[in-house]
J.: 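Below are the C-alpha cells for one structure; questions will follow.
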Amino acid sequence: MNDVIKNFDAVIVAAGSSVRFGENKLFAAVANETVLQRTVGVFVAHPKIDNIIIVYRKADFDLITASLKDFGLNRFRFVKGGSTRTESVENGLNEVTAANVLIHDGARPFVSEELIDRVIASVEAFGSGIPATPLSDSVRVVKDGLITGEFPRENVVSVQTPQGFSSELIKRAFSKRNGADYTDESLLFSEKIASPAVVKGDERNTKITTLGNYYGINANIGIGYDLHLLTYGRKFMLCGIELEYPLGPMAVSDGDAGIHALIDALLSAIGSRDIGSHFPENDPRCDGLDSAIMLTEVMSELRRSNFKVSNAAITLILDKPKLADYIPVMKVKLARLMDMPSEQVAISAKTTEGTNPDTVTAYAVVTVV
Ligand code: MG
C-alpha cells in the first residue's frame, strides 16, 4: 500500500468578530463540541493534510487554544489575524509550506471529508478548486428599491470553502492585491491568475453567521427496533456487554438487540439503508459477528459524511436478567463506540410483565448533527 502524501496545508480562518451572531459563534455548541472543534477536527483527520494554520483574533486566543487542546496544540500553527478577512488569510498563507493549500472558514463546521476530497482532486488536476452550489431562489437586479431586471440563475453560483489552490499561485495572487480586500479567494484568484475550477459544493456546508441559521441547524432523528428469541446455550450480548444468564439470543450474529436497534436508528438518521442491507445474514462474515464491530463500521460511515451523534436513547424490554447493574457499563461501552459522552446515552429497562418471556426487544432513537 502506498503511503498517502501530505501535500496540502490548511488555513482555517477563525479571526472574525461574530458581529451578526452576538456571542462568538466559534464557541457555540454543535452536538457535543464547539463549532471550531468540529470544523478543525475534519481537517485533523484528513490523511492528505499536513500543517494546520489557525488564524485567530487576539481577544479569542485563550478560548481558541482551550477549545483545540484535545487535538494536541503542537498539531497547529497559530497566526494572528489582520484587520480584514483578506489580511487574515494572507497572514495564514505566509506560514504555508506545502505545495497546495485549502483555505476554510472556521464557522463552517459541516465540511465533509468527501467535499475536501473533491476540492483536493480539482487542485491536483487544475491548480484550483472552488466548491459551489446552485442558487435555489430567483436572482433579480435591484436599483433604488425597485427590481430593474433579472439575472439568469444558471450563470450564478453560491461559493463555499474550503477553497483549494496551488500554494505558489495563490501566494502570487495575494502579492498583486495592492491592499484591496476580497470577500473570498476565488475572486482574487480569478482577477490576478486565472478563472478557478468549480467543484460540486455541499448544501450542509453552510457558514454559521446569525443566531437564526445556528438554531436552524438540522438535527436528524433516527429510529430503530430489534427483537430476538432467547434460547439455551447462547452467549447473551446486550448493548456490547455480556449478561450472566443461561439463555441468549438466537441469531446469525451475536444477536445484540440493543446495538442492532441502535444501528438502524443511526442508519435511518443519515438516510442510509438498514442493518440487513449492510450486514446480510447470508454473508459468511456475519456468522457470530460481534455487533460492536458492526457499530464501529456504521460510525465510520457517519464520520465520512461528517455526522456525529448528539444523543441516543434506548429502551430494553426483557423479563430476565435484571439490568440495573449492567446499565452504567452499557452506557460507557456504547458511548465509546459512538465517540460521545456517556451522559448523552440513555438506557431504560422494562419487562414484558410475563407476556413475552424468553425474548429481548430494543427500541432506539438518536439525533445526529
Ligand atoms: Mg438483530
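Note that ligands are numbered from 1 as they come in the structure, with each ligand's atoms numbered from 1 the same way. Everything numeric here is computed off the predicted structure, so don't read it as measured data.
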J.: If you count heavy atoms of other groups shown closer than 6.0 angstrom to OH of Tyr245, is the number above 12?
T.: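 Counting neighbours around OH of Tyr245, more than 12 heavy atoms of other residues, nucleotides or ligands fall under 6.0 Å, so yes.
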J.: Taking both backbone and side chain into account, is any N, O or S atom of Asp256 nearer than 2.8 Å to the Mg ion (ligand 1)?
T.: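 For Asp256, the answer is no, given that no N, O or S atom comes within less than 2.8 Å of the Mg ion (ligand 1).
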J.: For Leu187, is there any backbone N or O sitting under 3.5 Å from a side-chain donor or acceptor partner on Ser190?
T.: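 Yes: the side chain of Ser190 pairs with the backbone of Leu187.
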J.: So do Arg304 and Asp117 actually touch side chain to side chain, heavy atoms under 4.5 Å?
T.: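 Asp117 reaches Arg304 side chain to side chain.
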J.: Rounding to 10°, state the angle centred on the Mg ion (ligand 1) that links ND1 in His260 with NE2 in His228.
T.: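 Angle ND1(His260)-the Mg ion (ligand 1)-NE2(His228): 110°, rounded to 10°.
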J.: Which atom name does Asp226 have for its N/O/S atom nearest to the Mg ion (ligand 1)?
T.: OD2
J.: Can you give me the closest heavy-atom contact between Val123 and Gly129, atom names plus distance?
T.: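 In terms of heavy atoms, the two residues are closest at CG2-N, 3.8 Å.
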